[in-house]
Amino acid sequence: MNLLFILLSIGPSPMWDIKSGEDLILLSMSIFLLVGMVLVGVVALYLLFIIRKAVNPQVAVAKPADTRTLWQRVSGLHALSQEQDLVMEHAYDGIHELDNPTPPWFMGLFYSTIAFGLVYVIVFHLTGLGDLQTAEYTQEVAIAEQQRDAYIKKVAGSINENNVAFVKDAKAIDAGKAVFLQSCVACHGQQGQGGVGPNLTDEFWLHGGSMKSVFHTITEGVPEKGMMSWKKQLNPLQVQQVASYILTLQGTNPAGAKAPQGEKEAPVLASK
């Protein structure tokens, strides 16, 4: 009983949720009952075999010597000349059956999968020596987060409101567009035409239309107007990319654009 409790207590055991001594007793009784049923079944099969052998005694017939090669034995192959030696005694409607069992290589593979399954259960579920997929996923996510933080500190962390600049790289603009379509369309529209938020395609700005002003607005938000701060969701590099994409929308004049708001400023790209 103590050995069973120690075995089930080593490491995480998602298969066995033992919370009290009563649960351990019930589990032990279930295991003993299962083992007893298996033993009874084995004994019953053995007795059935003995009775059947006593009722229907068979005269031992000498089997011919097996002259097959090692490859033929492993693969379970027989020569056509040995077919008569494989014919079984029973026949139905003149149809005879050959004693041609499953090839040894297949049975070896089958039993090896059972052994692998037993080892897997012991290592990953009973003892907890190995990590399950959920644990591996959690570890990989933690490593990825550390790598992401290191990348932000090395590259994105160097970008701030004072040194931010418009990026012309097509990949950076596409990355900014992806962020805009995911996070900004609810208030500013699919094409930046405005909605709850102002129109981003004209020359009028409520909080400044320069690269630094747009970067600041996205980073800090405008709480009094209902715009949240994105500095916790987006790193500085992403803010730079989405701000650059927003500035490329100036002058696109989409259909159904919202009326101008704020003060007029010269387009940033016009001076580039």
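Numbering of residues begins at 1 and proceeds along the displayed sequence. A quick note: this is a predicted structure, and the numbers were derived from the prediction, not measured.
At least one side-chain heavy atom of Thr248 sits less than 4.5 Å from a side-chain heavy atom of Tyr245. Contact check for His125 versus Leu132: side-chain heavy atoms found under the 4.5 Å cut-off. In this structure the side chain of Leu39 reaches within 4.5 angstrom of the side chain of Val35, judged on heavy atoms. Residues Trp230 and Met228 form a side-chain contact, since some pair of their non-hydrogen atoms from C-beta on lies under 4.5 Å apart. Looking only at side-chain heavy atoms (C-beta outward), Gln133 and Tyr137 stay at 4.5 Å or farther from each other. No side-chain heavy atom of Leu129 sits under 4.5 Å from any side-chain heavy atom of Ile122.
Met37 and Ile31 fall into different hydrophobic clusters, defined by Ile, Leu, Val, Met, Phe, Trp and Tyr side-chain heavy atoms under 4.5 Å apart, directly or through other members. No continuous path of ILVMFWY side-chain contacts below 4.5 Å connects Phe180 to Leu206, so the two sit in separate hydrophobic clusters. Leu34 and Met29 fall into different hydrophobic clusters, where Ile, Leu, Val, Met, Phe, Trp and Tyr are joined by side-chain heavy atoms under 4.5 Å apart, directly or via other members. Each of Phe204 and Met227 belongs to its own hydrophobic cluster when Ile, Leu, Val, Met, Phe, Trp and Tyr are linked at side-chain heavy-atom distances under 4.5 angstrom. Leu249 and Val196 sit in two unconnected hydrophobic clusters of ILVMFWY residues. Membership requires side-chain heavy atoms under 4.5 Å apart, directly or through other members.
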| field | Criterion side-chain contact (heavy atoms from CB on, under 4.5 Å) on Glu140 and Ile143, from CA distance to verdict | value | CA-CA 5 Å; Glu140 292 177 359; Ile143 295 174; 5.5 Å; no
| task | Let me see the working for Val214 and Thr217 under side-chain contact (heavy atoms from CB on, under 4.5 Å), right down to the final yes or no. | result | CA-CA 5 Å; Val214 177; Thr217 303; 5.6 Å; no
| message | Gln240 vs Met211, test: side-chain contact (heavy atoms from CB on, under 4.5 Å). Steps then yes/no. | response | CA-CA 8 Å; Gln240 181 188 45; Met211 184 66 188; 3.9 Å; yes
| Do Ile159 and Phe215 pass the side-chain contact (heavy atoms from CB on, under 4.5 Å) test, and can you show the C-alpha distance, the side-chain angles, and the key distance before you say yes or no? | CA-CA 10 Å; Ile159 302 173; Phe215 183 92; 4.2 Å; yes
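The pair Lys212-Glu161 fails the salt-bridge criterion, with no side-chain N (NZ, NE, NH1 or NH2) lying under 4.0 Å from an Asp/Glu carboxylate O.
Under the 3.5 Å distance criterion, the side-chain polar atoms of Ser112 are matched with a main-chain donor or acceptor of Leu109. Ser229 places a side-chain N or O within donor-acceptor distance of the main-chain N or O of Thr219, the cut-off being under 3.5 Å. A distance-only check finds no donor-acceptor pair linking the side chain of Lys258 to the backbone of Pro198 [under 3.5 Å]. Judged by distance alone, with hydrogens and angles left aside, the side-chain atoms of Asn199 form a donor-acceptor pair with the main-chain N or O of Thr201 at under 3.5 Å. Without hydrogens or angle criteria, Asp174 side chain to Lys177 main chain gives no donor-acceptor distance under 3.5 Å.
In this structure, Glu265 places its CD atom where more than 12 heavy-atom neighbours from other residues, nucleotides or ligands lie under 6.0 Å away.
No donor-acceptor contact under 3.5 angstrom links the side chains of Gln250 and Asp202, judged on distance only.
Heavy atoms only, all atoms of each residue included: Ser210 and Ser213 are closest at OG-OG, 2.8 Å.
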